[in-house]
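Below is one structure; the comments refer to it alone.
Source: prediction; values computed, not measured.
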Amino acid sequence: MNQIKLRSKYMFLKPGTFIFALVILSATMMLGLLPAAAQTESWLYAEDISAMPPTTIRYWYYESPERTALGEQQIQQFKELFPNITVEGRQAPQEVDNAQLLAFIRTGTNSHIHQSYYKEDVWYIDHDILMPLEGLPGFDELRARLPDNMNYVWTDGHVYSLSWYYGGVALCYNSDLVIEAGLDPANPPATYSEFLTWAQALTQDKNGDGTTDQWFIAPPLGEEWWWWSLAFSPFYIAATGSGAVLDADGNPMFNNPQGRKPYELMQTLFSEGYATTSTQAESPFMNGIVAAEYPCWMGSHRSLQMNAPEDFEYITGPIPRPDDAEFEGNPNFLFVRNLALVQERDKTGEEADRIMRASWEFMKFLLSEEQMAADFAVSAEPPATKDLLTNPVYEPTIAGLGDHFRWQVDYVLREGVMGDMSSASIVELESFLQRAYLNVAYGRLSAADAVAQAEQEAIKLLSQ
């Protein structure tokens with residue numbers, strides 16, 4: 001399991017302290033010093049909660065209609081297993097940011113089981129929002145099923161979240177256009193030189209009027225920070241072999257030869273006319289206007305099955321690495337959606353313990369093999385489990401999504417790298433890096449100047 005290097009300023013109750021408290025409580029009860037209502041078991045670490053008093057927890061469904069319908073079914077199934085636990089479900093509010101989540105917590109209306117992108121955990125931990133999970137009943141067995149490269153142990157020794165499902169991008173290429181250009185569809189490019197060879201061959205003037213009407217690629221040009229994380233950082237990771245943008249001392253480390261290479265690659269794509277900043281078509285890849293789809297999300301395979309022309313065929317390939325890379329393979333960005341427990345603040349004492357214990361039981365239920373398979377079937381987002389490609393319970397969904405999906409799942413599972421979590425300011429830092437990419441794409445700055453500017457912005461932010 002990854003060990004994240006960020007100092008936490010919070011201390012939490014240790015198991016030994018908890019056991020000592022139980023001894024004192026037991027002795028007090030024997031002396032008859034507590035009222036009958038207080039003479040009750042602490043439920044937080046209880047193995048069996050079938051006799052726990054009726055307890056209500058809250059859960060937000062994912063925003064999609066399919067996951068909302070599944071969530072309603074899951075609540076009913078869980079109620080049959082634990083009649084003493086009531087799960088109040090509702091659709092998750094749209095686009096809840098960190099500040100809004102705090103508002104829900106203050107009013108006691110937040111979901112106790114939170115669906116978190118792992119980089120968000122940094123902010124949550126820094127604000128003492130999440131509950132440590134290690135030591136809770138069944139933790140070790142559950143954690144053993146989940147891939148090591150998708151989970152982390154915080155620097156304070158606690159585990160605050162567990163991986164739920166994951167994703168990663170690849171490149172998809174139009175098979176017919178690849179063959180027409182004389183390229184080998186069985187060997188998609190794995191290095192920069194191969195990638196640029198394909199870029200030149202697949203950028204064409206088919207009408208013969210002296211203007212390009214078929215481009216190699218149309219990379220996304222979103223301005224939000226997450227576009228760097230989800231779309232540009234795969235090239236950064238493939239160039240550096242790491243998701244780190246800060247060194248061990250917390251200083252920017254991306255303005256170096258390897259860190260500049262993906263920006264230089266994009267500069268070449270745009271300056272040579274291989275990449276376009278705009279197309280008039282709604283689906284340029286399916287319509288043959290661009291030969292390569294990037295990013296090709298895991299969900300893209302289901303979309304292509306449903307929406308592409310009947311005779312449309314494509315191939316899938318890795319994120320290219322520099323020719324002089326000092327590592328093997330093609331490392332890729334790993335997106336992971338986690339489940340975490342938001343600490344109960346509205347209630348205290350034994351009631352708060354019951355709420356958190358019940359929430360943990362429901363979180364374990366959502367991460368069970370059966371429920372992960374159900375979520376996979378409706379979302380096409382692969383569950384974070386080590387046996388995804390070998391367990392027959394997941395095979396029907398994988399088979400339905402096709403061989404390209406299977407290849408991409410295996411690729412990301414093997415070569416996926418989590419992004420940098422070493423600073424609570426990582427979102428701001430990634431916005432600087434995304435702006436550097438946009439400056440290159442639109443020809444406003446060279447790759448070297450754009451990355452240098454991002455470095456100066458990062459240094460200024462971190463110094464504050």
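At least one donor-acceptor pair closer than 3.5 Å links the side chain of N256 to the backbone N or O of G259. Distance alone, capped at 3.5 Å, is enough to place a donor-acceptor pair between the Q408 side chain and the C296 backbone. The closest donor-acceptor contact from the side chain of E326 to the backbone of G241 lies at 3.5 Å or more, if one exists at all. A donor-acceptor pair under 3.5 Å is formed between the side chain of E134 and the backbone N or O of V159. Of the possible polar contacts, none joining the H301 side chain to the G402 backbone as a donor-acceptor pair under 3.5 Å is found. The backbone N or O of D249 sits less than 3.5 Å from a side-chain atom of D247, completing a donor-acceptor pair. Side chain of N151 to main chain of S163: a donor-acceptor pair is present (N/O by atom type, distance under 3.5 Å, no hydrogens or angles). A donor-acceptor pair under 3.5 Å links the side-chain atoms of Q343 to the main chain of L130, judged by distance alone. Not one N or O on the side chain of N255 forms a donor-acceptor pair closer than 3.5 Å with the backbone of V451. A donor-acceptor contact shorter than 3.5 Å links the side chain of Y411 to the backbone of N330.
Around CG of D403, the count of heavy atoms belonging to other residues, nucleotides or ligands within 6.0 Å does not exceed 12. In E313, the CD atom is not crowded: 12 or fewer heavy atoms of neighbouring residues, nucleotides or ligands sit closer than 6.0 Å. Under a cut-off of 6.0 angstrom, the local environment of CD in Q200 is sparse, with at most 12 non-hydrogen atoms contributed by other residues, nucleotides or ligands.
The closest side-chain donor-acceptor pair between D375 and Y62, if any, does not fall under 3.5 angstrom. Counted by atom type alone, T191 and S193 present one or more donor-acceptor pairs between their side chains at under 3.5 Å.
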Residue pair K206, E180: steps toward the salt bridge (charged side-chain N to carboxylate O under 4.0 Å, His left out) verdict: CA-CA 12 Å; K206 288 194 167 183; E180 288 175 9; 3.4 Å; yes

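Residues W226 and Y117 place their aromatic rings such that the two centres sit no closer than 6.0 Å. The aromatic ring centroids of Y294 and F285 lie 6.0 Å or more from each other. Between Y274 and F195, the gap from one ring centroid to the other reaches at least 6.0 Å. For an aromatic pair to be called close, the ring centres must be under 6.0 Å apart, and Y165 with F376 fails this. For an aromatic pair to be called close, the ring centres must be under 6.0 Å apart, and Y59 with F362 satisfies this. For an aromatic pair to be called close, the ring centres must be under 6.0 Å apart, and W297 with F335 fails this.
Checked options E430, E457, Q453; the residue passing with R435 is E457 (criterion: side-chain hydrogen bond (donor to acceptor under 3.5 Å, both in side chains)).
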